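Structure record follows, encoded as structure tokens.
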Number of protein chains: 2
Amino acid sequence: MTSNQENSVRLLEHGIKPSVQRLAILDYLDNHRTHPTVDVIYEELAPIIPTLSKTTIYNTLSLFVQSGVALALNIDEKNVHYDGDTSTHAHFRCLKCEQIFDVSMSEFSRPELIQGEVLETHLYYKGICNNCKNQL
Amino acid sequence: MTSNQENSVRLLEHGIKPSVQRLAILDYLDNHRTHPTVDVIYEELAPIIPTLSKTTIYNTLSLFVQSGVALALNIDEKNVHYDGDTSTHAHFRCLKCEQIFDVSMSEFSRPELIQGEVLETHLYYKGICNNCKNQL
DNA sequence: TATTAATTTGTAATAATTACAGATTTAAAA
DNA sequence: TTTTAAATCTGTAATTATTACAAATTAATA
């Protein structure tokens, strides 16, 4: 459970002024490791911050991604999902229940021959999660 | 240079009836390893097949992906790119010139602990390609 | 307190994709 | 070959995620 206090410092360290909205979004990301979409975050936070706009969530998440506070996952064809954990890891998405799981991975494999300087690595696994497989 | 003939067989092997449009799209994918988008394919093929509809390209590519004839790449936030090469490999996208390169990779790393059965693996590298780096 | 800058908000615009129904083409049956 | 049915293609309209933008609000500074 990450506190508001810690995330405030975390934002400042990345040169971001911690507003109410920004903190709420970062806290949400930190306390829900579900890799939520903009819409999910909006649905969840709107009752708490009644004036909250979806545009703010888009803007804030873009800012977070650019500043290295969060990751944008393109593991789903329809929606972008966000991850507050920027440490090295992969993701697994269940094609049935659509949940996204973290996959621990200490380092990504680097190919010997690559056409340039790598700044980001995204490793996505897709399949059927154990939960869904047991339900068949 | 893949010929119309071979791709015709390739489609049949995947249970797809080789129409003029489907063959043109598959030929294009095969002969241009640029990982084109729907729009690019449309711009290129429309002059050749004047009646071609963009909807057909969407439908055909969905069919190809579902049948295992092509891969859909979500390496670009804006557009889906398509790859006619379904063999195991990764991709590198230059954040400057936006080109997508194939990265050879004989097999994807499988993590020891994964939450389900993996059916697809997508490995995307992003950075600055050698060409763009030399131009700085 | 007055002024300026930064942030947020809501609406409108954009753009990719999908739904759908009619037109066309292909295949099969008569 | 002609008729009939099935599959495919096409164009338009609808949907949906995202971005642009300008006004409103909030925070910071003088």
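The model shown is predicted, which means the values in this text are computed figures rather than measured ones. Lettering follows sequence order; numbering is per chain, from 1.
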Return the orientation label for the F101(B) and F92(B) ring planes: parallel under 30°, perpendicular over 60°, tilted otherwise.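 Plane angle between 30° and 60°, so tilted.
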Relative to the ring of H91(A), is the ring of Y124(A) parallel (under 30°), tilted (30 to 60°) or perpendicular (over 60°)?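 Geometry flag for H91(A) against Y124(A): tilted rings.
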For the pair made of [atom1] in [X] and [atom2] in [N], what is the distance, rounded to whole Å?
| X | N | atom1 | atom2 | result |
| --- | --- | --- | --- | --- |
| L63(B) | dT18(C) | CG | P | 14 Å |
| L12(B) | dT26(C) | CG | P | 15 Å |
| N74(B) | dA16(C) | CG | P | 15 Å |
| E77(B) | dA16(C) | CD | P | 14 Å |

Generate the contact string for nucleotides 6-21 of chain D. Rules: B means base contact, S means sugar-phosphate contact only, - means no protein heavy atom under 4.0 Å. -SSSBBB----SBBBB
Just do the side chain to side chain donor-acceptor pair (under 3.5 Å) check on T37(A) and D39(A) with the steps written out, would you? CA-CA 5 Å; T37(A) 61; D39(A) 276 10; 5.7 Å; no
Just by distance, no angles: are the side chains of H35(A) and D102(A) close enough, under 3.5 Å, to form a donor-acceptor pair?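 Yes, side-chain donor-acceptor contact under 3.5 Å.
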Give a yes-or-no answer on whether the side chains of H89(A) and D83(A) include a donor-acceptor pair shorter than 3.5 Å.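 Short answer, yes.
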Using side-chain heavy atoms (C-beta onward) and a distance below 4.5 Å, is R22(A) in contact with L63(A)?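 A side-chain contact under 4.5 Å exists here.
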